[in-house]
Amino acid sequence: MAETSIKSMDAIVSLCKRRGFIYPASEIYGGINGFWDYGPLGAQLKKNLRDAWWQDMIMNPCWGRPGPDGEPVRCVPVETRIIQHPKVWEASGHVGGFNDPMQTCRQCKKLVRADHVDEMLREAEWFGPLVSLFESGDHLDIDRLRQWIKKYGAKQAKGMALVREQKKVLELLLALAEDLRNRGEEMTLHQFLQRIATPPESAQLCDMCPNCGGDLTAPRAFNLMFKTFVGATTEQTDDNAAYLRPETAQGIFIQFKNVLDTTRVKLPFGIGNTGISFRNEVTPRNYTFRSREFEQAELEFFCHPDESQDWYKFWRDFRMEWWQSIGLRGDNLVLREHDPDELSHYSTGTSDVEYRFPFTAPGFGELEGIAHRGCFDLSQHQEHSGAKLDYFDTERQARLQAQGLPKDEINKQCRYIPHCIEPAAGLDRGALALLCEAYTRDESRPSPEIMRFHPRMAPIKAAVFPLVNKDGMPEVAAKLHAELFKRFGHLGFIETDPKQSIGKRYARMDEAGCPYCFTIDSETLTDQTVTVRDRDTGAQERIAIDRVTSYLEERLDG
RNA sequence: GCGGGCGUAGCUCAAUGGUAGAGCGUCAGCCUUCCAAGCUGAAUGUUGACGGUUCGAGUCCGUUCGCCCGCUCCA
């Protein structure tokens, strides 16, 4: 089969637009950075992905396979809000952390974290001698400064204003010293460094770039959460400020107690939640991969600490298998266990399911993270909210009672904050991976572009065509279409189209990724059989028209 | 945020500063008994947006928005 092995992202983007999978958001207004919309086929593709997750994680977890304890895996869903109490994000660590102010050097264009600048400066070879000049009081000694420029600055700190425009900057330095003296103040190291880093024409003093000695922009805080204000008044104060969630998981943790109290669940069990989250990404790029609005499918699986490692491995392996089951087979999908130094402080194990996208190749991009989060989240919320979020394990209690342990020892062992395993998938990333994986060019075919979706994911499930638009074929096709629509319409589109050449109609279905086309021809009229055309091979077989439904049932898996 | 590249029909792309085009796709009609076939016809653009230079701007200049690449970040 003549397929090009390296897929072109441009070709995929182009097809997605052309066939109605993905459009730029707000396109007629010029688009909006970091947002994408789904067209009809994309919306259905993503729904199929979300439904598969819901089915295989919540309604029939792990396809009915037992967990490491030998019992069926139990999960329940919740649906929690995009806007939560602002304190949720303090407890989770999203407020306060993760928004590191950055500075850019106007000379060498490096981007550095503001809180790293001092340390990076100290590490620079040319910086020490400069500081010692200052500390020895020789920083206004023009000759000493010139020596420093000659020895270090000219080679290693070329961006520094002092190096680039010696004369003017030295004048300004002396003027600054004079000014301070008149006010009875002494120059600080900070002022000194700023003065020699800042170009003469600049109105404001700038920090020094640790890379080239140039002038840095003022620190810019990156606002990673979207802020909003609750209440219909126009007032926008800290009192009514709220945030759009940066992840769905916290909604689960803060309803953990309610689920326990109202649904007769017992540990171990999981709570799942899908929905939109928002992050003000620093650099939203790579098509939909890093969008500012994205959908997650997260499960928090709660268990006893002693059993948590088994469950972690169980979920890690199942999630990998699940992505494979919906069509991401082959070398493009990997399960990557994090190195110990890569782990969050509370995690004793994290893996990523990663996909080799055309834009990450030869590297990989994360589809899902499976993290052992310990008891971090529930403990945080217990501490911040004051609510008791522990669990009394009655099954364990019964076992220990049978062993004859003393009562207070039993109570001690049976009351604990559960540990939690978090498989957290990105549905938009998943959909993008499905699109990339499905995209195939086969130059040997008259219509080379084919979307080879797994039948369960395909947004169009089947098409019914009359071979030609006459001789009673359209009527038979319409009847079969109506039957299939009634039976399978909830799973995706069922198409029919009597116009134009059959080849063109097949080609359209190939581009849209429809796995099966049923064609009514003259034989159908005499012997009640139809041809089934397979998208991936183009091969045809003849089956009885009354077997079409069962043919699809066997293949659509749902 | 900075630097570089790009922006013309649904898609891929043309158009010396001088009347905005082609191919494919889409739609309609004819034809057609299995793979974007054939014939005929049709629709589709404030050339991303705003401003400027010019007798005249898709083309030159400025600003802005979006996309791609790099720096950097990614709970």
Given atom CG of A/D215 and atom P of B/G1, what is their separation to the nearest angstrom?
18 Å
Determine which bases of RNA chain B form Watson-Crick or G-U wobble pairs with both distances under 3.5 Å, and write the result as a 5' to 3' dot-bracket string with | for other-strand partners.
(((((((..((((....[..)))).(((((.......))))).....(((((..]....))))))))))))....
So what does A/M473 hit on the nucleic acid, given a heavy-atom distance under 4.0 Å: a base, only sugar-phosphate, or nothing?
base
B/G38 C1' sits how many Å from A/I502 CD1, rounded?
17 Å
May I ask you to say whether A/K479 pairs ionically with A/E475, meaning some side-chain N is under 4.0 Å from a carboxylate O?
no
pair A/W315-A/L299: side-chain heavy atoms closer than 4.5 Å
yes
Contact class for A/Y287 vs. all strands (heavy atom < 4.0 Å): base, sugar-phosphate, or nothing?
sugar-phosphate
Under 6.0 Å between ring centres, would you say that holds for A/F453 and A/F21?
yes
Whole-Å distance separating the CG atom of A/L15 from the P atom of B/A36
18 Å
Base, sugar-phosphate, or nothing for A/G34, non-hydrogen atoms under 4.0 angstrom?
sugar-phosphate
Run the salt-bridge test on A/R542 and A/E523 with the 4.0 Å N-O cut-off and return the result as yes or no.
yes
Taking atom C1' of B/U32 as reference, at what distance in whole Å does atom CZ of A/F465 sit?
16 Å
Assign A/R285 to base, sugar-phosphate, or nothing according to its heavy-atom contacts below 4.0 angstrom with the strands shown.
base
Looking only at atom C1', what distance separates B/U19 and B/G23, rounded to whole Å?
22 Å
Can you say whether a donor on the side chain of A/T531 sits under 3.5 Å from an acceptor on the base of B/C34, or the other way round?
yes
Between A/D510 and A/R452, is the closest basic N to carboxylate O distance under 4.0 Å?
no
Does any donor-acceptor pair link the side chain of A/Q500 with the base of B/A36 at a separation under 3.5 Å?
no
Quick test of your reading: applying salt bridge (charged side-chain N to carboxylate O under 4.0 Å, His left out), list the pairs with at least one residue in residues 345-365 of chain A, sequence neighbours left out, ordered by first then second residue.
A/R336-A/D352, A/R336-A/E354
Can you find a side-chain donor-acceptor pair between A/D428 and A/T288 that sits under 3.5 Å?
no
Have A/S308 and A/H372 got a donor and an acceptor in their side chains that come within less than 3.5 Å?
yes
Distances under 3.5 Å only, N/O to N/O: pair up the protein atoms with those of nucleotides 7-11 of chain B.
residue: B/G10; atom: O3'; partner: A/K17; partner atom: NZ; Å: 3.4
residue: B/C11; atom: OP1; partner: A/K17; partner atom: NZ; Å: 2.5
residue: B/C11; atom: O3'; partner: A/S14; partner atom: OG; Å: 3.0
residue: B/C11; atom: O2'; partner: A/S14; partner atom: OG; Å: 2.9

Please classify the nucleic acid contact of A/D510 as base, sugar-phosphate, or nothing, using heavy-atom distances under 4.0 Å.
nothing
Spacing of the C1' atoms in B/C11 and B/G70 (rounded, Å)
28 Å
Check the orientation of A/F465 and A/Y506. Use parallel for under 30°, tilted for 30 to 60°, and perpendicular for over 60°.
tilted
Distance check needed: B/C67 P versus A/R290 CZ, whole Å only.
14 Å
With a non-hydrogen cut-off below 4.0 angstrom, is A/E366 in contact with a base, only sugar-phosphate, or nothing?
nothing
Using a 4.0 Å heavy-atom cut-off across all strands, classify A/N469 as base, sugar-phosphate, or nothing.
base
Report yes or no: does A/Q540 contribute a side-chain atom to a donor-acceptor pair with the main-chain N or O of A/V532 at less than 3.5 Å?
no
Measure from CG on A/N33 to C1' on B/A49 and round the result to the nearest Å.
16 Å
